[in-house]
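Bear in mind the structure is a predicted one, so any value in this text is a computation, not a measurement. The sequence lines fix the lettering, A, B, ..., with proteins before strands; numbering per chain opens at 1.
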Protein chains: 2
Amino acid sequence: MSHAYEYERPALTVDCVIFGLDLEEESLKVMLIERDLEPFAGRWAIPGGFVRQGESLEAAALRELEEETGISDVFLEQLYTFGAPGRDPRGWIVSVAYYALVSPDKHHVTAATDARRAEWFTVTKLPSLAFDHNDIMRAALQRLRGKLAYAPIGFELLPRKFTIKQLQKLYEIVLGEKLDNRNFRKKIFSMDVLRELDEIQKGVPHRAARLYKFDERKYKQLMKQGMNFEL
Amino acid sequence: MSHAYEYERPALTVDCVIFGLDLEEESLKVMLIERDLEPFAGRWAIPGGFVRQGESLEAAALRELEEETGISDVFLEQLYTFGAPGRDPRGWIVSVAYYALVSPDKHHVTAATDARRAEWFTVTKLPSLAFDHNDIMRAALQRLRGKLAYAPIGFELLPRKFTIKQLQKLYEIVLGEKLDNRNFRKKIFSMDVLRELDEIQKGVPHRAARLYKFDERKYKQLMKQGMNFEL
DNA sequence: CCAAAAGTGTTTCACTTACACCCATGA
DNA sequence: TCATGGGTGTAAGTGAAACACTTTTGG
């Protein structure tokens, strides 16, 4: 590790897999951008862009997110860094991948500031993506599925006020398996991280469900006391 | 994402946290290198170096590992990428951190090819490290502890042939808590991923323990069938 | 009053935990 | 033969899984 300047330097990008939930059609979505330039013009890709000097990686990811989709203030976590030689035909480009979880409250979506098309795709029906973005997507899905079980990140995909059924649906959609509603309720209530609201669901043609929100304060408290979230 | 060349580029390094186990003194170790150049001359740091063009990140980490410590053929996994502005006073340097698990079979160690001092440190007694390497170390430890519980990576830290007691000790050392030996045995045997050898421990002044090895073949088989490793 | 989803209790079974003694070996 | 760690069985308790009916509301 002598001088930093003896070496060729890669270009550095961040790519951000943006997850959203469609509760109506009960599917997990990701936002993709249609490339207008070569290479891979016309192909869909994970939104991303170059990191600027003086900017942290996370800041770059947040900036790209905002610029390309108009989305801000979301859950964001670093995923993995992709640097295989040849992954980008333009040259040596290393990409730090992030994933974001966007609640339906914030699907202002498709509001890309530049002219590129941005669209939500159902994760089970993805087109073949540009670059090594299929790999990135695979990694992101694996991480989301894995982490959902032991970290309270699912709430980031729901509206701030949600019903237990919606929460259960979220788990069923992402994990791809049916869950027993009685057991699910017992488990989630036993963890004592939900705050029951005085409000109920509106506009449903049947009995309305009670609304809840995730009590982050209580969650952090319990974590300090050594509880562990698991679903 | 127009032209890759409009932007400043960071220098890219890999740093590799090397974990080893000392079964005699029952402690978890990491290998550190004493810096001979500014910045941080004389301080201890996580071994690492610049990524070369045409080289994958993992290949760079393996190369550095080999060059700096003489260690090869070990478990290696990407950890996290550190890119905070100002993390390196020499300029914009982004580092992809890896961690490696080295079995005592391979502690040829301290055989750094260049003149720098390399030494094993007990993780609970680390000096203050150069750059943001304290953060990297924290992340590596957290990952190791977390992953040990649900992935069979502990075996990477043991000799190829080991006793159940040694395996248990490993878990105790890394997780920092005593485990009940009867329950530990029951659990590990119930997972059916160990192959019992016809060999026993040598050179102990008491009853010799049976030796086992991790049966990776069987493990993969069971994983496909949906079993999940957990300790 | 009917359709549709919300919400609730109990039993069974498996797994985890806690705990103490005999066994085999080398010196 | 004794000291040292290796190795084993069982009972109690806890949590997960399986399962079906009653309640509420809007139309």
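Counting non-hydrogen atoms under 4.0 angstrom, R185(B) reaches a base of the nucleic acid. Within 4.0 Å (heavy atoms only), K186(B) reaches at least one base atom of the nucleic acid.
The number of heavy atoms from other shown groups lying within 6.0 Å of CD (E196(B)) is above 12.
For H206(A), the side-chain atoms get nearest to dT25(D) when compared with the rest of dT25(D), dG6(D), dA17(D). Among the nucleotides dA17(D), dG5(D), dC19(D), the one closest to any side-chain atom of K187(A) is dA17(D). Relative to the side chain of R207(A), the nucleotides dT25(D), dC19(D), dT10(D) differ in distance, and dT25(D) lies closest.
For F75(B), the ring pair (Phe, Tyr, Trp, His ring centres under 6.0 Å) criterion is met by Y99(B), not counting sequence neighbours.
For E230(B) and K187(B), the salt-bridge test fails: no basic side-chain N is under 4.0 Å from an acidic carboxylate O.
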task = Give the intermediate values and the outcome of salt bridge (Lys or Arg N to Asp or Glu O under 4.0 Å) for residues E199(A) and R210(A).
result = CA-CA 6 Å; E199(A) 222 171 320; R210(A) 166 139 269 121; over 6 Å; no
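To the nearest 0.5 Å, the span separating CG on L170(B) from NZ on K165(B) amounts to 14.0 Å. The distance from atom NZ of K220(B) to atom CG of D215(B), rounded to the nearest 0.5 Å, is 11.0 Å.
Taking atom CG on D180(B) and atom P on dG5(D), their separation rounds to 18 Å, with Å as the unit. For the pair L179(A) CG and dA18(D) C1', the interatomic distance rounds to 14 Å; values are reported in whole Å. One interatomic measurement links the two molecules: CG of N181(A) to P of dT23(D), which rounds to 17 Å at whole-angstrom precision. Taking atom NZ on K165(B) and atom C1' on dT8(D), their separation rounds to 13 Å, with Å as the unit. Remark: C1' of dG5(D) and CD of E26(B) are 13 Å apart, rounded to the nearest angstrom. N183(A) has its CG atom 13 Å from the P atom of dA20(D), to the nearest Å. Rounded to whole Å, atom C1' of dA18(D) lies 17 Å from atom NZ of K178(A). To the nearest angstrom, C1' of dG7(D) lies 16 Å from CD1 of I188(B).
Position along DNA chain D of the nearest nucleotide to R210(B) versus P205(A) favours R210(B) as the more 5'-ward residue.
Between the side chain of Q201(A) and the backbone N or O of A209(A), at least one donor-acceptor pair lies under 3.5 Å.
Interface limits on DNA chain C: the 5'-most and 3'-most nucleotides within less than 4.0 Å of chain A heavy atoms are dA4(C) to dT10(C).
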